[in-house]
Amino acid sequence: MPREQSRKDGESKIRSRKKTAKSSENTKDVSKENPNKASTFKLQLKIFCFNCVICLAVSIYLYPYYFYLRERHLAKQTEHIDVRSGDVPCSEKYKAEIQAFPGCVPVRCGRMVSDKLVTPEEVDHVLEIGKRGLNLGGSDGGASILDLHSGALSHGKSFVNIYKIDEAKDLFTASDFKIYKQVRSKIQSAIAEHFGIDEKVLHLTHPTFFSRLTSDPPSTPHDEYWHPHVDKETYESFHYTSLLYLNTFGEDYTGGRFLFIDPDNHTQIVEPKKGRVSMFTSGWENVHLVERVASGTRYALTISFTCDLSHAIKDPS
Ligand SMILES: O=C(O)CCC(=O)C(=O)O
Ligand SMILES: [Fe+2]
């Protein structure tokens, strides 16, 4: 029995030695293969990195097109538009606010553009009034305004009252104010018609102003006209905003397009053009911005309306 046992012990030792030998052979094989595996891994890593770089380059190249594809034009500069509109759902906040003014609640919210509302003679005259006033002042930065109602005129880093400047005493004539009133009245009727409200419950409100925009770097936050905003927030009294463009994008300046920013970063663009009127509900459904002017000088007149009698103003006179 002990001899039998020692034979079995001997056999199992041999088996275990063979196993050890085999496993050490395996170890030797793997370590022999390692250099190949390492170089394959390096190659795969390089291919991966190369693909990443290509993807990144393609994305950077296509990025502007992504926005381009999301850009839609409401009005191009090259078009002559009788009436074109874009409806959007009224924002809840605007709807809630305007309910307080019977007869002033729009049947639709959105925008409307027309190139036939104001005559070329009227636009020429209005532009001339604006230039005459703005030439007496001007911001140090890229945005100058002249508020015909209050008389506020950009001057350096702040404002002066144009009606208190000696040299501006007889600057504006009765015929200037008549033209302003004529244009205001046409726009008011068009807003009432398009948005289905009673013209009589709509009142001119402040500020009503000329703007002159250039590519000059800003000198105060007032000069940063390119930020997205909602007019109801910027100018509390506004319910309906209108803009009369006094010169033309692509001819008198580059940049300076007007963009409505809709949900999902879709944009609807109005390219300003001399005589073009754009009008829209002033609520959160119409977030918008003016692109930075890249060259030249852009002129526009903002005429806005309120349904709130306590914010009504008379025509400038
Ligand atoms: O001049 C424009 O086109 C728009 C200006 C504007 O959005 C504003 O004054 O609130
Ligand atoms: Fe605005």
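Since this is a predicted model, take the numbers as computed values, not measurements. Both counts, for ligands and for their atoms, begin at 1 and track the order of listing. Residue numbers count from 1 along this sequence. The figures that follow rest on heavy atoms only: side chains count, while hydrogens, waters and symmetry mates do not.
For ligand 1, the polar-atom distance check against Thr302 finds no nitrogen or oxygen pair separated by under 3.5 Å. An N or O contact shorter than 3.5 Å links Asp231 to ligand 1 by distance.
Contacts between Leu289 and ligand 1, counted as non-hydrogen atom pairs separated by less than 4.0 Å, are absent for every part of the residue.
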Practice task
List the steps and the verdict of ring-ring contact (aromatic ring centres under 6.0 Å, His included) for Phe195 and Phe305.
Solution key: CA-CA 13 Å; Phe195 293 103; Phe305 299 91; over 10 Å; no

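A parallel orientation is assigned to the rings of Phe238 and Tyr235, their planes being inclined by less than 30° (bins at 30° and 60°). Taking the six-membered ring where tryptophan is involved, the planes of His288 and Phe258 are essentially parallel, since the angle between them stays under 30° and well short of 60°. Using cut-offs of 30° and 60° for the angle between ring planes, the His311 and His206 rings count as perpendicular.
Heavy atoms from other residues, nucleotides or ligands lying under 6.0 Å from NE2 of His222 number 12 at most. Counting non-hydrogen atoms of other residues, nucleotides and ligands closer than 6.0 Å to NZ of Lys164 gives a total of 12 or fewer. Annotation for Glu233: atom CD counts as buried by contact number, over 12 foreign heavy atoms lying within 6.0 Å.
Under 3.5 Å, the side chains of Thr306 and Asp308 contain no donor-acceptor pair of N or O atoms.
Shortest contact from atom 7 (O) of ligand 1 to any protein heavy atom: His288 NE2, 3.0 Å. For atom 4 (C) of ligand 1, the nearest non-hydrogen atom of the protein is Val290 CG2, 3.5 Å. Closest to atom 6 (C) of ligand 1, if we only count protein heavy atoms, is His229 NE2, 3.9 Å. Protein heavy atom nearest atom 1 (O) of ligand 1, with residue, atom name and distance: Arg298 NH1, 2.8 Å.
Short contacts between ligand 1 and Leu243, defined as distances under 4.0 Å to a heavy atom of the residue, involve ligand atoms 1 (O), 2 (C), 3 (O), 4 (C). Residue Phe209 has at least one heavy-atom neighbour below 4.0 Å for each of these atoms of ligand 1: 9 (O). Every atom of ligand 1 with a heavy atom of Tyr235 under 4.0 Å away is listed here by number and element: 8 (C), 9 (O), 10 (O).
Taking a 4.0 Å cut-off on heavy atoms, Tyr245 registers as neighbouring ligand 1.
For the pairing with Lys274, the salt bridge (charged side-chain N to carboxylate O under 4.0 Å, His left out) check across Asp252, Asp115, Asp124 returns one residue only, Asp124.
Minimum-distance N/O/S atom of Asp231 relative to the Fe ion (ligand 2): OD1.
The Fe ion (ligand 2) is the vertex of the angle joining NE2 of His288 and NE2 of His229, which measures 90° to the nearest 10°.
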